[in-house]
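Note that ligands are numbered from 1 as they come in the structure, with each ligand's atoms numbered from 1 the same way.
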Amino acid sequence: LQAGLERGSPVVALGGGVVGDLAGFAAATFLRGVPWIAVPTTLLAMVDASLGGKTAIDLPQGKNLVGAFHPPRLVLADPGTLATLPRVELRSGMAEVVKAGLIGDAILFQQCGRGWDYIEAHWSEILRRAVAVKIRIIQDDPFESGARAALNLGHTLGHALERASEFGLRHGEAVAIGLVAEARLAERIGLAESGLSESIAGVLKTIGLPVEIPPDFDRRSLLAPLSVDKKRAAGSVRFSLPERVGSVHTGIQLPELEQFLAAW
Ligand SMILES: NC(=O)c1ccc[n+]([C@@H]2O[C@H](COP(=O)([O-])OP(=O)(O)OC[C@H]3O[C@@H](n4cnc5c(N)ncnc54)[C@H](O)[C@@H]3O)[C@@H](O)[C@H]2O)c1
Ligand SMILES: [Zn+2]
């Protein structure tokens, strides 16, 4: 207000997903909404957080509890900014890129498995492919009424792990473990052909991401976060599970989930 900003004054969010969520939410609410432009500088923000129009902030009670759907007018991602991003952030962001390949781009999935030298020499193509998968899905389902659930791949167990680890695991690490575990679940119920989880694990390990729950982890602690999962509908958790690379099924309920978790 002091700066004299008006309804048409755009907000520019230069930074990672945290800056994008905060600036996007501020833009959604200031004067009942001003335009904003996302200039993502982390891999996760480029391929995930800046796309889809969701903006939110956390409360002490939990993540993303206050927010709005307010898509940026423009997303400007320069792969050159990734040159200074710490390796651990890059690695974590790659879990979402592998997820995008699994959901809808078999070539991207293959490229992820070729290792860092290849990935870093092909950022533009890899980003373009990962972004295209997410855009395709959000265009079909802008307000998250159905098809967007595919984007939850690896995230149902991933979020439970992230919370149960009290955020000792980074988001991408938890998602990587979740992608493999959920593919195992898909094999177990006969949705995916056997070997899919191994091939996903192979790609993630090449990138340097974990694929197994840390050995000292109390598996029972996963059930509490799962039971409050906001994707819970009609009393049971609904999973998005892979059938094969490039194809995902949504809305799957699993009666044997507790046994699986105990044995996982
Ligand atoms: N709105 C959505 O749809 C959505 C989707 C996924 C995640 N998110 C949110 O995004 C956040 C995570 O985003 P993130 O992974 O980008 O984390 P982040 O924004 O915290 O950035 C990670 C770190 O990298 C630094 N950084 C950013 N760009 C850099 C660069 N080019 N070079 C060097 N350092 C750089 C940042 O200062 C920060 O320390 C979470 O809060 C999550 O909830 C939102
Ligand atoms: Zn994610």
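Put simply, atom 25 (C) of ligand 1 has no protein non-hydrogen atoms near it, under 4.0 Å away. For atom 41 (O) of ligand 1, the nearest protein heavy atom lies under 4.0 Å away. Checking atom 36 (C) of ligand 1 against the protein gives no heavy-atom contact under 4.0 Å.
Summarising the geometry of Leu85 relative to Leu90, their closest heavy-atom pair is CD2-CD2, 3.9 Å, with the distance given to 0.1 Å. Nearest heavy-atom pair across Leu43 and Met94 is CD2-N, 3.6 Å. Of all the heavy atoms in Val203 and Cys112, the pair that sits closest is CG1-CB, 3.7 Å.
Between Asn64 and Asp21, some side-chain heavy-atom pair lies under the 4.5 Å cut-off. Residues Lys134 and Glu96 fail the side-chain proximity criterion, which asks for heavy atoms closer than 4.5 Å. Residues Thr250 and Ser240 meet the side-chain proximity criterion, which asks for heavy atoms closer than 4.5 Å. Annotation: side chain of Val97 is not in contact with side chain of Ile119 (no heavy-atom distance under 4.5 Å). In this structure the side chain of Leu261 reaches within 4.5 angstrom of the side chain of Leu157, judged on heavy atoms. Between Ile137 and Arg148, some side-chain heavy-atom pair lies under the 4.5 Å cut-off.
Near Thr81, the atoms of ligand 1 lying under 4.0 angstrom from a non-hydrogen atom of the residue are 30 (C), 31 (N). Annotation for ligand 1: atoms under 4.0 Å from non-hydrogen atoms of Thr42 are 14 (P), 16 (O), 21 (O), 27 (C), 28 (N). The contact set between ligand 1 and Leu85, taken as ligand atoms under 4.0 Å from a residue heavy atom, comprises 24 (O), 26 (N), 28 (N), 29 (C), 30 (C), 32 (N), 33 (C), 34 (N), 35 (C). Atoms of ligand 1 found under 4.0 Å from any heavy atom of Thr84, numbered from 1 in the order shown, are 30 (C), 31 (N), 32 (N), 33 (C). Listed by number with element, the atoms of ligand 1 under 4.0 angstrom from any heavy atom of Gly17 are 10 (O), 11 (C), 13 (O), 14 (P), 16 (O), 19 (O).
Checking side-chain atoms of Thr29 against main-chain N and O of Phe25 turns up a donor-acceptor pair under 3.5 Å.
Considering backbone and side-chain N/O atoms, Lys63 comes within less than 3.5 Å of an N/O atom of ligand 1. An N or O contact shorter than 3.5 Å is missing between Gly15 and ligand 1 by distance. The N/O atoms of Thr41, backbone and side chain alike, include one that comes under 3.5 Å of an N/O atom in ligand 1. Taking only nitrogen or oxygen atoms, main chain and side chain alike, Lys134 does not reach within less than 3.5 Å of ligand 1.
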Practice task
Take Glu173 and Arg91 through the test salt bridge (charged side-chain N to carboxylate O under 4.0 Å, His left out) and record every step on the way to the result.
Solution key: CA-CA 8 Å; Glu173 292 166 349; Arg91 214 187 285 138; 5.1 Å; no
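Inside a sphere of radius 2.8 Å centred on the Zn ion (ligand 2), the protein N/O/S atoms present are Glu96 OE2, His155 NE2, His171 NE2.
The side chain of Leu44, and not its backbone, has at least one atom closer than 4.0 Å to an atom of ligand 1 (non-hydrogen atoms only; side chain from C-beta on). Contact annotation: for Asp21 versus ligand 1, heavy atoms closer than 4.0 Å belong to the side chain alone.
The CE atom of Met46 sits 6.5 Å away from the OG1 atom of Thr41 when rounded to the nearest 0.5 Å.
Between Arg184 and Glu187 no salt bridge is recorded (no basic side-chain N to carboxylate O distance below 4.0 Å).
Not a single heavy atom of His171 lies less than 4.0 angstrom from ligand 1.
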